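In what follows, a structure is listed as structure tokens, so that the remarks can point back to it.
Quick caveat: nothing in here was measured; it's all calculated off a predicted structure. Every chain is numbered from 1 and lettered A, B, ... according to where its sequence line falls, protein lines coming before strand lines.
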Amino acid sequence: MRPFKTLQKLYDEESQVVITEKGSPPRVLFHGENFLQEDLPVGTRVIFPRPPLAGVPNVKAAIRYAINNPEGMEPLHALLKPGMRLTCVIDDISVPLPPMVTPDVRQTILEIVLELAADSGVDDVHLVIANALHRRMTEGEMRRMVGEKIFNAYYPDRYYNHDAEDPDGMVALERTSHGEEVSVNRRVAESDLIVYVNVNFVPMNGGHKSMGTGVSNYASLRHHHNPKTIRASDSYMEPKASALYKSNERIGRNIDKHLKVFHIETALNNRMFGGPTDFLAKKEEDYTEADRLKFQAMRFALSKLPRAAARKVLNSVPAPYDVTGVYAGATEPTHQKTLETSWKQYVVPVEGQSDIVIFPIPFISPYSVNSILNPLLVQVMGLGYFYNLNRGVPLVKKGGVLILLHPAYDEFDPEHHPSYIEFFHRLLPETRDSMKLEHKYEREFAENPSYVHLYRKGNAYHGVHPFYMWYWGENGRQHVGKVIVAGAENNHVPALLGWDRTDTLTEAIEEARGFMGRSATISLLRIAPTVMVDVK
Amino acid sequence: MPSKAAFFDVDGTLVKTNVVHVYAYYAMNRGSVLGIAGRTLSTALSVPLFGVMDALDRKTFNEFFYRYYAGLSEDRLVTIAEDMFEDVLQPALYEQTQDLIDQARRSGCRIVLVTGALDFTMRPLARHLGADDMIANKMQFVGGKATGKVIPPIIEGANKANAIRAYCTREGLSLDKCHGYSDSASDYAMLAVVGRPTAVNPDLRLRSIARAYNWPILDLK
């Protein structure tokens, strides 16, 4: 074990960027449901998440202040009229990750809003989960999100999942100036007031996307969830660089023209790990002996568990996030404030791009809560989300190499991801070309009656969702020269995804250097917790 | 004009019943008191035999089973079919059956029921569900009386697949784009012949096949 005093010399405690030296400790890196502990080559730039911002001292007070002093709208109490029809639209289980410790901030907001509504004589209240084409949340998940009291009062008649395939459940508003269809959940569209309850996990969430995507349907979503829009987006996390954001903005402005929407947005810090796993958020240089022991014990235990059990264990640990800001009011000014808080938490400035970038892929994604991170989701985490965790300039150079750390197992959850299985095993062997996939197969999957049924009556993602996952990785795929998945346990999954594989990270770096040259620069995004880069 | 169809098995897939229920209903409605008693008793005694035969071979089961219709008049069978639909089939429909059929229609499919039951017993159900067509067994009638023999080929197992293939050729449908729905591994051929098979409330064997071939599995309620 290297002496702590030696380690201290090797990095600047204040900086989130550490250059690997000869005496640097090995890095603790997510590798699916377990971890790797790897020594990185000297000179590797390691980018760490910022420490968690301090939470607001009193969340309820912050919510009350926000709804009484909103941005660009009257206070909420002034908008509530006796006898009106009110619908609260709520972000679904895809945020935050992992789910936060209870009470979830959505519960806290709803408790305040519903009490205010009751005091104002508003009795016709529905709670609609903005799951768009995501899977329906289960009864247990819905209970956990809003708490026992609200659940018992509203479920199932007045607290339910949005159904984008209900033939009578959608209303078409006028198209945007770009001809984009705008469809909204009927109950929402026919409400006198809509309160949108948001959890802003990353800057991509919230704003016009909340209503424009969350309570919409395939006919509307296909105007921006397509390869062309994704290719035109340099980063999903930076509105100025995102065609996806601009399309949602046009759709959202149309919605705001026709409907009265009062947004309540909340920003969280990145305190993803608490209690016995809090060391995972530290720089390895800062690990104590106890931290090292805890890590080794955890790694050993996870390695001895069957994967499903390890997944269950990891999914059962909620994150002790703190609320760092609550903003309310009209869509754009509210979201602007949320974005500023979000960037303050996540953005780490870095000098220049790298030839080779390493992304450790954890066990979870927005689409696999209480489920399996299947190969398409590994792809979307690497080439979709992590690649886009920047403010317009990706961390990896054009034509560079991405190294993903994941076992890349061929496992799918038939209950949550039935159409993913067909997409992966029937379509990808034929083509990986997003344009061709969209043209030839997207509508077939979207309208497949079995997948529609599983989405509406079961807990399955919509039939078209695997296409969106594939498109999500499109600008990353277009940008990088090679993807290597290190530690992949089979050949066929990386091959179907168009990737190389190696047994170890060291081999992957060797291969990447063979591709980019011996002097190639290397960066590691030491995620999770969440971190975004601002490449100068 | 749709270029594809959704082929639905009926017993166990869209309704909770199977042909035994249908036959029992006919037995109970034979007409005379003696007829009812005799047929009900013989049906009750035959139930274990039906079970064994059904498990071993659906074709033999159907052939054996339809002999019990011998001697019944066509008019009577058709009349009883209407009552039988109301009393037996309609209450046994899964709540989500109509949703699934409607969704298939919205996706541009022609709706076709494929069943080993006799056509006249299924007509009221087909009408109720809004099916466009039906592939079913046909009873032979001589002089207005059922002979107890089914006009071959008997619609079951591999013959369901042949019938679907012939139907698609005749109607100009693309078999590859068609959907198939069944609950039983005995309908493996029917599911395998279409491009988009789905297991519905599958038995253990079909569930295992569906998992192996990555077919979607629906649990209709």
Side-chain angles (χ1 to χ4, degrees), chain A residues 135-136 138-139 156 163-170 217-219 372 374-376 410-430 440-466 492 496, chain B residues 2-9 13-14 94-112 129-132 174-183 191-192 194-202 206-221:
Chain A
R135 71 172 173 89
R136 297 187 324 141
T138 65
E139 190 180 323
D163 180 356
E165 289 291 346
D166 180 353
D168 303 318
M170 299 297 298
N217 62 3
Y218 171 62
I372 300 168
N374 64 52
L376 283 176
D410 184 359
E411 284 182 32
F412 290 85
D413 181 340
E415 196 181 323
H416 287 186
H417 305 115
S419 60
Y420 282 55
I421 305 173
E422 187 182 352
F423 182 96
F424 186 75
H425 286 294
R426 182 166 79 90
L427 305 194
L428 284 189
E430 181 187 321
K440 198 170 170 187
Y441 294 113
E442 185 188 288
R443 190 170 283 275
E444 178 203 320
F445 272 61
E447 294 177 351
N448 183 317
S450 302
Y451 294 143
V452 171
H453 184 88
L454 286 164
Y455 161 79
R456 296 191 66 199
K457 310 292 178 187
N459 296 100
Y461 281 81
H462 194 275
V464 79
H465 206 258
H492 72 276
L496 279 174
Chain B
S3 63
K4 58 184 178 179
F7 296 97
F8 292 91
D9 169 55
T13 304
L14 302 179
Y94 291 111
E95 272 179 37
Q96 297 173 348
T97 292
Q98 193 67 55
D99 284 338
L100 181 60
I101 301 253
D102 292 347
Q103 186 51 49
R105 186 180 298 288
R106 277 197 294 276
S107 75
C109 290
R110 185 185 295 191
I111 307 300
V112 183
L129 293 174
D132 299 299
S174 164
L175 198 54
D176 192 43
K177 289 182 183 167
C178 286
H179 297 260
Y181 295 85
S182 179
D183 69 311
L191 293 173
V194 296
R196 306 283 171 268
T198 297
V200 182
N201 297 341
L206 182 60
R207 189 173 286 273
S208 154
I209 291 168
R211 287 267 187 268
Y213 289 108
N214 294 322
W215 296 346
I217 297 174
L218 307 186
D219 289 307
L220 279 198
K221 294 185 177 74

Measure the NE2-OG1 distance between A:His453 and B:Thr97 for me, rounded to the nearest 0.5 Å.
8.5 Å
One should read off an interatomic distance between B:Thr198 OG1 and A:Tyr451 OH, to the nearest 0.5 angstrom, of 7.5 Å
If you round to the nearest 0.5 Å, how far is CZ of B:Arg196 from CD of A:Glu422?
5.5 Å
At a 4.5 Å cut-off on heavy atoms, which part of A:Arg443 comes close to chain B: side chain, backbone, both, or neither?
neither
Where does A:Glu444 contact chain B at under 4.5 Å (heavy atoms): side chain, backbone, both or neither?
side chain
Under a 4.5 Å heavy-atom cut-off, does chain A meet the side chain of B:Ile217, its backbone, both or neither?
backbone
What's the spacing between A:Glu165 CD and B:Asp99 CG if we round to 0.5 Å?
12.0 Å
Flag side-chain contact, heavy atom, 4.5 Å: A:Lys457 against B:Leu220:
no
Contact class of B:Arg105 relative to chain A, heavy atoms under 4.5 angstrom:
neither
Report the option among A:Gly458, A:Ala460, A:Ser450 that has the most heavy-atom pairs separated by less than 4.5 Å from atoms of chain B.
A:Ser450
Heavy-atom distance under 4.5 Å to chain B: side chain of A:Phe412, backbone, both or neither?
neither
In this structure, CG of A:Asn448 is separated from CD of B:Gln103 (nearest 0.5 Å) by 9.0 Å
Which atoms form the tightest heavy-atom contact between A:Leu454 and B:Pro216, and what is the distance?
CD1-CB, 4.1 Å
